[in-house]
A.B. asks: 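Okay, here's the structure, questions in a sec.
Naming convention: chains lettered A, B, ... in sequence-line order (proteins, then strands); numbering from 1 in each chain.
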Amino acid sequence: MPVITHDKLQENYDVIIVGSGAGGGQTAYTLTMEGVKVLVLEAGRSFDPATEVAMFQLPSQAPLRGVPTPDKQYGFHDCSINSGWEIPGEPYTNAHPEPANQFRWWRQRMMGGRTNHWGRITLRNGPYDFKPRTRFGAGFDWPISYKDVAPYYDKVEMLIGVFGTNEGLENSPDSSPGVLQPAPKLRVGELYAQKHGKKLNARVTSIHRAVLTQVQDAEAIPAKLHPHNATAQRILAEHMRLRAPCFWATDCHRGCSIRANYDSQTVHLRPALATGNLDILPNAMAREVTINKQGRATGIAFIDKTSGREGHAKGRVVVLAASSQESVRLLLNSKSNAFPQGLANSSGKVGKYITDSVSTSLSAHIPAFEGMPIHNEDGAGGPHAYVPWTLHDQNREGGLGFPGGYHLEFTTGRQMPSLTTLNGIDTFEGNGGVLFGKKLKEDARRYYGSRVGFGAQGTMLPNDGSFCELDPTVRDQWGIPVLRFHWKWSDFELNQARHQQKHIGELLEAMGGKVSPKTDADVLKSLKPGGTVIHEVGGAIMGDDPAKSVTNLWSQTWDVKNVFLADGAPFASTADKNPTLTIMALAWRMADHLMDELKKGNI
Amino acid sequence: MGSSDDLPRMDRRVAIQWMLSAAATFAARDHLAIAADAPVRAKGYGPDPVMAKIYKPGDLWPLTLTEPQRRTAGALCDVIIPADDASSSASSVGVPDFIDEWISSPYPAQAGDRRVILEGLEWFDEEARRRFSKPFADLTHDQQTAICADVASAKVKPEHRKPASFFKRYRDLTAGGYYTTPEGMQGIGYVGNRPTATFEGPPIEALKHVGLA
């Protein structure tokens, strides 16, 4: 079974998965390795990371020096095609015009979805992140706890390959011994932040990222991940041997033709295809989950984008992994007599409780870095260090004015120059003129790489003002109703943003940077708009009570037993951790449960 | 991206057409009749370009500058980034071509620069003729520098405000265009983008430089 065209669809599948990214990829992998017959529908085209990514091209080899344009919204060499905040023919709307009420929605219409384009930051949610109501009296406790997910975090990390260190931190969990790959050495700016951050109790430590720093152990890991399954072990071992470790050059956002970093195709879909149990149909835009008279899902109605023709794929089970809000949209658009409010929506909670990371950033010029001896610090194509949240004592019960916390990601140093590398060059010596000539060249050499920027990503708990619904009038180019978003920041997020700005400012000052203080009005402006961190989750949250949630603790919808969710939609809140690893861990866990239910004849 | 922020319900293509026609209307009102000042009608590279390919200015859309404009643009680039012992000049690595590509871009973010730069280049030639009776490209280095210094100063004369804002923008594009080339990267001290077997972390002299060793 391979990547197919519409006319090659089989009559029936065990499981149909909508979406080929982190959640869909992991689900397809787990199921096909155990012999389940799976179809993946992907709205975008096939994409080959081995030949199509631009790893070494310089900005001068791209149009407009590679700057973002409406066609390539993260820049020309970013590994995203047919993707963006705005996609022609695929609108979405916002209910309220005020800037603070805007939600922006990134869609990535290509094989592998957003896993082609991300920083590969792979942090585990901690115990507190699953129980915000118990701990802070706000939001909802998830119906699962850290210990339910921990074994799956270990499995996913071994499969995809994650570097990092175990630091014994509160609520930023260690991995089991032997799971992590060795962390790369820190760069000089990262070490400098580590030293000077100590004055503020900011702990700078190795980050966890899905980048191989050494060859994966193709002898041991497959046996651990697939005990008693010789075929799965053989296939996985073969695919692990195809992956090369990082060669310490090129930005991970450009994709990786040597397969050193994780993307869904490289790690999940290729071995899944090798089992012979997977069909992938690209260019298939899912429109609706179809239902029989008994109220069970029968498959997916989709539009074949190559012909404009409507198609139907039939399966015993449907898994939505289209990205949280696209899955929500599918549920809301699956209206029938039995489900007039949309599928799995008897609670009225489909579309509710969308959250994103709470994020502000700040940067400064660090005089100590001027005139740095020339050296290559490309490293693993992204950060080697971060600042985990450690202020648990101060915020045990939300005493800082917000629940949870935030971690800091930061960039330092001598990265590949871009069109804006010299921004601010005129301000360092403060004469106010515009530098040119010999002096400009001297200053460029002296100041290049001396800027450090910290970006915070923090907890957001659900609120009643952040949700989506179907727009009553607007449809996309295929006639499918689109989403209309509502967004609201609560005082929690604003308080957290203030804390972030103050803390980052102090950190930069501890490193010798000069930061101008911000006013309160600036703080609201500094908050990245809802959705723009591209960590949006929720909309079909899991819970204990069918009246207050959309899925049970297995991401299985309460109303329709053979419909599952495998993206961020079931998240009951956003942790201060990036969501991708948790999406994969929950997808694997969900897929195990799904197979149990199939075996028992329950679905 | 930023330009569409205000237009969440407007289709992107509509937004671009709207902005381009607005720019065209503005241009038509102006007394300057620069042939190259017509609105850009070319198309962009679309949402699915071949990424793993090497492009050069002119490959994707037609360029704008006439030969005299190009001479002025190159001369100005080289006052901003001259050759020195360590590295080459901006014009020798194709920066004027990049600026031409930039002002010829079909995308809205560059539309404002098109007018600023075409008018700015014209001002520099006029100023050169007024003061030294020659086009800017034919002046001595000192004469070129004198004109630039007037508009680059922290306290520009009121009549120099417009050329000063052009010069800042032109300097940013020239420097950015230069430091994104292999020669510029070498000149600034970027030595990455090379596969290596291991990552050894910072050298001892870098650690010493910041007091970590």
Side-chain angles (χ1 to χ4, degrees), chain A residues 52-54 56-65 68-71 73 77 81-82 85-86 88 91 93-94 102 184-188 191-192 195 247-250 368-369 372-379 414 416-422 431-434 436-438 440-441 444-445 448, chain B residues 1 4 8-9 11-13 16 44-49 51-52 54-55 60 79-82 84 87 98 101-102 105 107 109-110 145 148 152-154 167-168 171 175-177 179-182 184-185 187-196 199-203 205-207 209-210 212:
Chain A
E52 294 196 61
V53 302
F56 289 100
Q57 277 80 352
L58 305 180
S60 58
Q61 296 166 338
L64 304 172
R65 287 323 197 237
T69 66
D71 284 327
Q73 296 171 23
H77 287 142
I81 53 165
N82 297 313
W85 304 105
E86 287 86 32
T93 65
N94 272 285
Q102 297 295 300
K185 293 198 172 85
L186 302 192
R187 302 176 178 94
V188 61
L191 291 166
Y192 191 79
K195 177 183 174 185
F247 54 30
W248 314 109
T250 79
F369 295 167
M372 179 76 73
I374 290 172
H375 65 287
N376 177 0
E377 52 178 12
D378 277 1
R414 312 175 70 79
M416 181 184 280
S418 69
L419 188 62
T420 55
T421 286
L422 292 196
N431 71 9
V434 180
F436 66 94
K438 189 164 166 277
L440 174 64
K441 286 182 104 171
R445 269 179 224 127
Y448 162 61
Chain B
M1 271 186 283
S4 324
R9 301 190 63 159
D11 177 83
R12 191 183 63 81
R13 269 189 214 156
I16 293 169
Y45 47 70
D48 189 9
M51 291 186 284
I54 291 172
Y55 295 84
L60 291 167
V79 183
I80 292 168
I81 301 276
D84 62 14
S87 52
F98 156 65
E101 175 197 47
W102 184 269
S105 158
Y107 297 109
Q110 287 82 41
T145 302
C148 290
S153 132
F167 186 73
K168 166 79 168 70
R171 192 285 312 265
Y179 287 114
T180 45
T181 63
M185 287 183 189
I188 207 169
Y190 173 73
V191 291
N193 210 35
R194 292 189 302 219
T196 53
F199 180 73
E200 299 298 345
E205 54 273 24
L207 294 172
H209 185 78
V210 297
L212 290 170

A.B. asks: Can you sort out the partners of A/Leu58 under side-chain contact (heavy atoms from CB on, under 4.5 Å), two or more places apart, ordered by chain and number?
C.D. replies: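 A/Leu58 satisfies side-chain contact (heavy atoms from CB on, under 4.5 Å) with A/Ser60, A/Gln61, A/Met416, B/Pro182, B/Met185, B/Asn193 only.
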A.B. asks: So, taking the atom named CD1 in B/Ile80 and the one named NZ in A/Lys441, what distance separates them when rounded to the nearest 0.5 Å?
C.D. replies: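 Rounded to the nearest 0.5 Å, the CD1-NZ separation comes to 12.5 Å.
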A.B. asks: Check B/Glu200 against A/Lys185 and note the closest heavy-atom contact, atom names and distance.
C.D. replies: O-CD, 3.3 Å
A.B. asks: Show your working on ring-ring contact (aromatic ring centres under 6.0 Å, His included) between A/Tyr448 and B/Tyr179 and close with a plain yes or no.
C.D. replies: CA-CA 10 Å; A/Tyr448 162 61; B/Tyr179 287 114; 8.4 Å; no
A.B. asks: Going by heavy atoms in the side chains, are A/Asp378 and B/Tyr190 under 4.5 Å from each other?
C.D. replies: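 Result yes, sub-4.5 Å side-chain heavy-atom pair found.
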A.B. asks: Are side-chain heavy atoms of B/Glu101 and A/Pro63 found at a separation under 4.5 Å?
C.D. replies: yes
A.B. asks: Could I get the full list of side-chain contact (heavy atoms from CB on, under 4.5 Å) partners for A/Thr420, not counting sequence neighbours?
C.D. replies: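 Scan of A/Thr420 (side-chain contact (heavy atoms from CB on, under 4.5 Å), adjacent residues dropped) gives A/Ser418, A/Asn423.
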A.B. asks: Would you confirm whether A/Arg414, through its side chain, and B/Gly189, through its main-chain N or O, come within 3.5 Å as a donor-acceptor pair?
C.D. replies: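 Indeed, once roles are kept as given, a pair shorter than 3.5 Å links the two residues.
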A.B. asks: Select one option (side chain, backbone, both, neither) describing which atoms of A/Val188 are under 4.5 Å from chain B's heavy atoms.
C.D. replies: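 Answer is both: backbone and side chain atoms of A/Val188 are under 4.5 Å from chain B.
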A.B. asks: Please classify the contact of B/Leu212 with chain A as side chain, backbone, both or neither, using a heavy-atom distance under 4.5 Å.
C.D. replies: side chain
A.B. asks: Please state whether the side chain, the backbone, both or neither of A/Leu186 comes within less than 4.5 Å of a heavy atom of chain B.
C.D. replies: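 The backbone, not the side chain.
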A.B. asks: Work out which heavy atom in A/Asn376 is nearest to a heavy atom in B/Phe199; give both atom names and the distance.
C.D. replies: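 Minimum heavy-atom separation between A/Asn376 and B/Phe199: O-CE1, 4.0 Å.
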A.B. asks: For B/Pro202, does its backbone N or O pair with a side-chain atom of A/Arg187 as donor and acceptor, under 3.5 Å?
C.D. replies: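 Pair absent, no side-chain N/O of A/Arg187 close to backbone of B/Pro202.
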A.B. asks: Under 4.5 Å heavy-atom distance to chain A, tell me which part of B/Ile54 shows up: side chain, backbone, both or neither.
C.D. replies: both
A.B. asks: Where is the tightest heavy-atom contact between A/Phe369 and B/Val210, given as atom of each residue plus distance?
C.D. replies: CD2-CG1, 3.7 Å
